[in-house]
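Scroll down for the structure; my scribbles are underneath it.
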Amino acid sequence: VQSEPIMKSINSAMEHGRVDCFVQSTDKNFMVPVGGSIVASGQPNIIKAIAAAYPGRASAAPIVDLFITLLTMGRNTYRMLLD
C-alpha cells in the first residue's frame, strides 16, 4: 500500500496469474499497533479457503485498531497519505 509501483507490480502479477494472494502488515501499511495482517487476493475462493483453514484463531484487536484508525483518519486524509 505504501508504494504505488510495488502495488502496480503486484496487481499486474495477479492479472497474469503469477500471484494468488499476498499478505500486508497492518502496522506498516495502516499506522496501527503491531500484530495484524491482511490477506488479499483477486480470487474470492482463495480467501474463503484461507479463512476456512484458520477459523477463530486470530484476535479481533488488530482489525478493531485498523477500523478506528481509518474512521479517525477519514477518506481524504487516507488518500492524501497514499499520494
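Computed from a predicted model, the values in this text were never measured in an experiment. Residue numbers run from 1 in the order of the sequence given.
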Discussion item. Under 4.5 Å side-chain heavy-atom separation, chaining through any Ile, Leu, Val, Met, Phe, Trp or Tyr, what else clusters with Leu71? Say none if it is isolated.
Written reply: Phe67
Item to complete: Among Leu70, Thr69, Ile68, find the residue that satisfies the side chain to side chain contact (heavy atoms under 4.5 Å, CB included) test when tested with Val32.
Response: Thr69
Worksheet item: Who passes side-chain contact (heavy atoms from CB on, under 4.5 Å) against Asn11, sequence neighbours left out?
Response: Glu15
Worksheet item: Under the side-chain contact (heavy atoms from CB on, under 4.5 Å) test, which residues partner Ala40, sequence neighbours left out?
Response: Phe22, Gln24
Fill in: Distance (rounded to the nearest 0.5 Å) between Ser9 OG and Glu4 CD
10.5 Å
Worksheet item: Which atoms form the tightest heavy-atom contact between Met73 and Leu81, and what is the distance?
Response: SD-CD1, 3.7 Å
Discussion item. Using every non-hydrogen atom in the two residues, find where Ala61 and Ser59 come nearest and quote the distance to one decimal.
Written reply: N-OG, 3.1 Å
Discussion item. Holding to side-chain contact (heavy atoms from CB on, under 4.5 Å), I want the full list of residues that pass it with Ala13, two or more places apart in sequence or in another chain.
Written reply: Arg18, Val19
Discussion item. With side chain to side chain contact (heavy atoms under 4.5 Å, CB included) as the test, pick out the partner of Thr26 among Val34, Ile38, Ile63, Asp65.
Written reply: Ile38
Worksheet item: Taking only residues two or more places apart in sequence, or in another chain, which ones meet Val39 in a side-chain contact (heavy atoms from CB on, under 4.5 Å)?
Response: Cys21, Val23, Ile47, Ile50
Worksheet item: What residues, two or more places apart in sequence or in another chain, satisfy side-chain hydrogen bond (donor to acceptor under 3.5 Å, both in side chains) together with Ser25?
Response: Asp27
